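Being a predicted model, the structure only gives us computed values, none of them experimental. Labels below follow one simple rule: chain letters A, B, ... track the order of the sequence lines, proteins then strands, and each chain is numbered from 1.
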2 protein chains.
Amino acid sequence: MSSLPILYAEERRQSILELVNRSGRVAVGDLSKRFGVSSVTIRTDLQTLAEQNLLVRTHGGAVSTGPAAAEMAIALRRERKVREKQRIGRAGAALAANGDAVYLDSSSTSLAIARFLKSRRLLTVITNSLMIVQELLDAPHIQVMLTGGSFQRETAAFVGPYTHAFLNQVHIQIGFFGAHGIAAEPGLTDISPEIAAAKRPVLKRCRQAVAVVDASKWGRVGIAPFAGIDEIDIIITDDSAPADAVRAVEAMGADVRFV
Amino acid sequence: MSSLPILYAEERRQSILELVNRSGRVAVGDLSKRFGVSSVTIRTDLQTLAEQNLLVRTHGGAVSTGPAAAEMAIALRRERKVREKQRIGRAGAALAANGDAVYLDSSSTSLAIARFLKSRRLLTVITNSLMIVQELLDAPHIQVMLTGGSFQRETAAFVGPYTHAFLNQVHIQIGFFGAHGIAAEPGLTDISPEIAAAKRPVLKRCRQAVAVVDASKWGRVGIAPFAGIDEIDIIITDDSAPADAVRAVEAMGADVRFV
DNA sequence: CGATTATTATGAAAGCAATTGAAAGAAAAT
DNA sequence: ATTTTCTTTCAATTGCTTTCATAATAATCG
């Protein structure tokens, strides 16, 4: 067992990655014995690797992320905070009036809203998200418009200058925006500049801009800011949002609603 | 059969998902026996998956969902002239050079071309067809651009003025166009004015325009013409095309190639 | 058709393993 | 020597699964 005398953390993680990709799965206990470190250490390793999307964490171990082909479908479907998003989705959908042109961005919360809009009529849904188009395929009474642009595989969204050009031509009654983080400063942020760039022009075109963020987003700040708190009309979140972060945002005059 | 000793919850759910997608339905009792866990555990699994919209819960089990994915898959299976289209697709794909921007319209023959382009690199595929985007999801080396516009459910294509606007902004090396009919006069036709209107502007933007039509299209004339024979550089068809119709088109100077 | 019976579902409680967070110790880097 | 990073221990927490009792649903029979 001590055939590998000492390994740097990085080397060990590399080895773990090889193992999980070779056999498809690893167990914390096995790894702990194999490398001669505590199980807590292995867990932090797995967590680190999971954060980089190099494997998928499970109870007691981890499994490989699978073949790159199905990667997107699985990753996007493995939603978290499902219940919270569902409640936020229902509340958000209720804000759209008949006849409205509704914008849904490429976020899982917007997808939740789409699910509640499916049964509606006389709605136009504008989006840059492939997932939302697919979700609305069997909603025959909803007119669906896609922005077009360059397809970004990681997010299943369309981005880039052509997306921008499309969005500068439409008028929208109400727009829903997910975010990676929300904080008093700098406001709403996301993880990719392209995604943020796709959201920014739409905001200006919406009579009403609604941010939809579950509790985990509060206080977080992503690399790419796309909207200040003052640009958002309504913020919908769930009631487990941290109170101090919410207060800081409300102090700037935001209308925060809990579901 | 149950040689798998212990499965992580995640793995088990993944397996259940595969089973339900493969056979269309699963029963709680079967799953419970197969995985060697209690029926209550299976129920929580099914509930979790149902919350993520990955399947639909029923009494005693679950049935597969994905009206989007499944429906489209069925539509694709209804294709006719599969073998001919495959041959045409291979020949068409061979015309695209590395580095090209390729346009594929929303026709089943273009979809056949997309399948042959998947393994290529350094290609940009521009399309207004949702099915082609989906086909190229797992072709990571191909950049995919979608025109955007209004979604037309019958053809799974994007059409309308926004589509038009997008297409006026791009330059394309080679474009492939399916058609409902081809004849010396009025040339290439389709069944819907919207579809025809989406094809017309692209034609002018392509250095090379290729019509891909199986034998059944010759001599047929649809309601909406979109290109004269003189606007087309190459016509690819299969060798069972009616000779007289082909001759009439060739007499106008067309380059007709058989596969 | 209604009543009975069998099957399936749901909720609560409990056991166990895995996880997380905090605090402190060890190793490496500056 | 000091800071930083990594690792461990320990306690508290969470998550998964089971059992059992009860409710709801489907199927069967009179």
What I want to check is whether the side chains of A:Gln47 and A:Thr44 have a donor and an acceptor closer together than 3.5 Å.
no
Face-on cation placement of A:Lys199 at A:Phe177 ring, 6.0 Å and 45° thresholds
no
Closest contact, heavy atoms only, A:Thr189 versus A:Gly222
OG1-N, 2.7 Å
Any donor-acceptor N or O pair under 3.5 Å, side chains B:Gln152, B:Thr155:
yes
Spacing between A:Gln47 atom CD and D:dC6 atom C1', to the nearest angstrom
14 Å
Nucleotide by nucleotide, nucleotides 13-20 of chain D touches protein heavy atoms under 4.0 Å in the pattern (B base, S sugar-phosphate only, - none) --S-SBB-
Could you check whether A:Ser107 and A:Ser110, counting side-chain N and O atoms only, form a donor-acceptor pair closer than 3.5 Å?
yes
Given atom CG of B:Leu31 and atom C1' of C:dA9, what is their separation to the nearest angstrom?
15 Å
How would you label the contact of B:Gly61 with the nucleic acid (heavy atoms, under 4.0 Å): base, sugar-phosphate, or nothing?
sugar-phosphate
For A:His59, what residues pass the side-chain hydrogen bond (donor to acceptor under 3.5 Å, both in side chains) criterion, not counting sequence neighbours?
none
Would you mind classifying the nucleic acid contact of B:Thr58 as base, sugar-phosphate or nothing, using non-hydrogen atoms under 4.0 angstrom?
sugar-phosphate
Could you check how far CG of B:Leu46 sits from P of C:dT8, rounded to whole Å?
13 Å
